[in-house]
Student: 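Below: one structure in structure tokens.
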2 protein chains.
Amino acid sequence: MSEKLTIGKLASATGTKVETIRYYEQIGLLPAPARSAGNYRTYEGEHLRRLSFIRRARDLGFSIDQVRELMGLAGRREQSCMAVDVIAHRHRDAITRKIADLTALAGELDALIDSCSRNTVADCRIIEALGPTVDMPFTQSRAHGPN
Amino acid sequence: MSEKLTIGKLASATGTKVETIRYYEQIGLLPAPARSAGNYRTYEGEHLRRLSFIRRARDLGFSIDQVRELMGLAGRREQSCMAVDVIAHRHRDAITRKIADLTALAGELDALIDSCSRNTVADCRIIEALGPTVDMPFTQSRAHGPN
DNA sequence: TATGCACCCTCTAGTCGGTAGAGGGTCAAG
DNA sequence: CTTGACCCTCTACCGACTAGAGGGTGCATA
């Protein structure tokens, strides 16, 4: 039983912040460990395994709910892993969509940036492109000011 | 002065939710409008212009702080628009990074998904790849259960 | 033995950009 | 005069943490 860890050791072993570990315990993602005489959390190898799993899944962008699902499924070793596959695919699809969205956004921004003449704000095409009216954006508002 | 708008009209004119408009007022992004006798917000053309600007910038992914900056700059018409250009470029760079991160992630996920044999969880390579130990993930933990 | 320091504890509040709901008031039409 | 759409404020919630206050513990060193 030399595998006892303080929260700090577990944190550095998994590349997680101490606060995050306590947070995972609070939301029921990581089981509450035993406590020492001085009320310190004492983690075992099992916690290390679980937290590593959580970290890897999180690093791959799975949500906490997805991680919960994956961990639930991981325990049922004799069942089909189709459900696991489905979660992974869904996540992959979401990432595909996100990349497409960002790429479209990047295109729009590039057009905006290219149009900038780098002169004064008065004829800045970026500001122009953002505003609905071509001339006099916000000139009235200086009376009561932005913010 | 036929340009007076209720919050609902402003919302549908700009494709914003009513709650979001009130939120923008609360955080000082949109100036507080005059009130009617019945305490209704009464917006003018200027508000419409400002909110349209905000919406477009937000749709392009600028943060609220960036929108604040852009609006501050938009008023100073005689100054150089270099600062505007800088904000746009910074945002564009952030998006480039995000796309790269997501693309890398997608690659990792694809490898994971390809490796799935679609048999039982026991030999599911997805679960395996997530866990640090190849055998017996979480088998002890079923005693006190996940969550 | 005292003291210092790193580490741990709980509890609360803040981040970002809204969203949702409770519990009420206003306005115009029929 | 009632109905229903709209508006008001206030508060709490979402995800996934992060930060800080105010205190306790454990160990090494003087």
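Letters A, B, ... are given to chains in the order of the sequence lines, protein chains preceding strands, and every chain is numbered from 1. Heavy-atom basis, side chains included; hydrogens, waters and symmetry copies ignored. Everything numeric here is computed off the predicted structure, so don't read it as measured data.
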Student: I'd like to know if A:L48 and A:M71 are part of one continuous hydrophobic network [Ile/Leu/Val/Met/Phe/Trp/Tyr, side-chain heavy atoms within less than 4.5 Å].
Tutor: yes
Student: Go through the structure and list residues passing salt bridge (Lys or Arg N to Asp or Glu O under 4.0 Å) with A:D93, not counting sequence neighbours.
Tutor: none
Student: Calculate the interatomic distance between A:I21 atom CD1 and D:dA16 atom C1'; express it in whole Å.
Tutor: 15 Å
Student: Can you measure A:K4 atom NZ to C:dC8 atom P for me and round it to whole angstrom units?
Tutor: 16 Å
Student: Looking at DNA chain D, which of residues 6-20 of chain A put a heavy atom within less than 4.0 Å of it?
Tutor: A:K17, A:T20
Student: Return the set of residues passing salt bridge (Lys or Arg N to Asp or Glu O under 4.0 Å) with B:R58 (not counting sequence neighbours), or none when no residue passes.
Tutor: none
Student: Any chance you could measure A:L51, atom CG, to A:R56, atom CZ, to the nearest 0.5 Å?
Tutor: 11.5 Å
Student: Sequence neighbours excluded, which residues qualify as salt bridge (Lys or Arg N to Asp or Glu O under 4.0 Å) partners of A:D65?
Tutor: A:R68
Student: For C:dG18 and B:Y24 - does any side-chain N or O of the residue sit under 4.0 Å from the phosphate oxygens OP1/OP2?
Tutor: yes
Student: Rounded to the Å, how far apart are A:D65 CG and D:dC14 P?
Tutor: 11 Å
Student: Would you tell me if any nitrogen or oxygen in the side chain of B:R22 comes within less than 4.0 Å of OP1 or OP2 on D:dC7?
Tutor: no
Student: Which protein N or O atoms sit under 3.5 Å from an N or O of nucleotides 26-30 of chain C?
Tutor:
from	atom 1	to	atom 2	distance (Å)
C:dT26	O4'	B:Y40	OH	3.4
C:dT26	O2	B:Y40	OH	3.2
C:dC27	OP1	B:G38	N	3.3

Student: Return the value, rounded to whole Å, for the distance between atom CG of B:L51 and atom C1' of C:dG18.
Tutor: 14 Å
Student: Which atom pairs link the protein and nucleotides 11-13 of chain D when you take only N or O atoms and keep those under 3.5 Å?
Tutor:
none

Student: Find the distance between CG (B:L5) and CD (B:E44) and round it off to the nearest 0.5 Å.
Tutor: 8.5 Å
Student: Are A:I64 and A:L70 linked, directly or through other ILVMFWY residues, by side chains that come within less than 4.5 angstrom of each other?
Tutor: yes
Student: Just verifying a value: how many Å separate B:D85 CG and A:I126 CD1, rounded to the nearest 0.5 Å?
Tutor: 5.0 Å
Student: Could you give the distance from OG1 (B:T6) to OH (B:Y43), rounded to the nearest 0.5 Å?
Tutor: 9.0 Å
Student: Keeping the roles fixed (side chain from B:E69, backbone from B:Q66), state whether a donor-acceptor pair exists under 3.5 Å.
Tutor: no
Student: Round to a whole Å and report the spacing from CG of A:L29 to C1' of D:dC17.
Tutor: 12 Å
Student: If you round to the nearest 0.5 Å, how far is CG of B:L102 from CZ of A:R97?
Tutor: 12.5 Å
Student: To the nearest Å, how far apart are B:R41 CZ and D:dC6 P?
Tutor: 17 Å
Student: Tell me every residue that passes salt bridge (Lys or Arg N to Asp or Glu O under 4.0 Å) with A:D110, counting only those two or more places apart in sequence or in another chain.
Tutor: B:R92
Student: Pairs under 3.5 angstrom only: tabulate donor-acceptor contacts from the side chains of residues 22-29 of chain B to other protein residues two or more places apart or in another chain.
Tutor:
from	atom 1	to	atom 2	distance (Å)
B:Y24	OH	B:R55	NH1	3.1
B:E25	OE1	B:R41	NE	2.8

Student: Rounded to the nearest Å, what distance is computed from the CG atom of residue B:L5 to the C1' atom of nucleotide D:dC6?
Tutor: 15 Å
Student: Do any side-chain atoms of residues 12-20 of chain A form donor-acceptor pairs under 3.5 angstrom with protein atoms, and if so which ones, sequence neighbours left out?
Tutor:
from	atom 1	to	atom 2	distance (Å)
A:S12	OG	A:G8	O	3.3
A:S12	OG	A:K9	O	3.2
A:T14	OG1	A:L10	O	2.8
A:T14	OG1	A:A11	O	3.3
A:T14	OG1	A:T16	OG1	2.8

Student: What bend angle does the helix from C:dT1-D:dA30 to C:dG30-D:dC1 show across its length, from five-pair end axes and to the nearest 10 degrees?
Tutor: 20°
Student: Which parts of residues 89-99 of chain B get close to DNA chain C, meaning a heavy atom less than 4.0 angstrom away?
Tutor: none
Student: Quick check for you: among D:dC17, C:dT10, C:dG18, whose closest atom lies nearest to any side-chain atom of A:R35?
Tutor: C:dT10
Student: Using the test ring pair (Phe, Tyr, Trp, His ring centres under 6.0 Å), find all partners of B:F62 that sit at least two apart in sequence or belong to another chain.
Tutor: B:H91
Student: Rounded to the nearest 0.5 Å, what separation is found between the CG atom of A:L60 and the CG atom of B:L105?
Tutor: 5.5 Å
Student: To the nearest angstrom, how far is B:Y23 atom OH from D:dC8 atom P?
Tutor: 18 Å
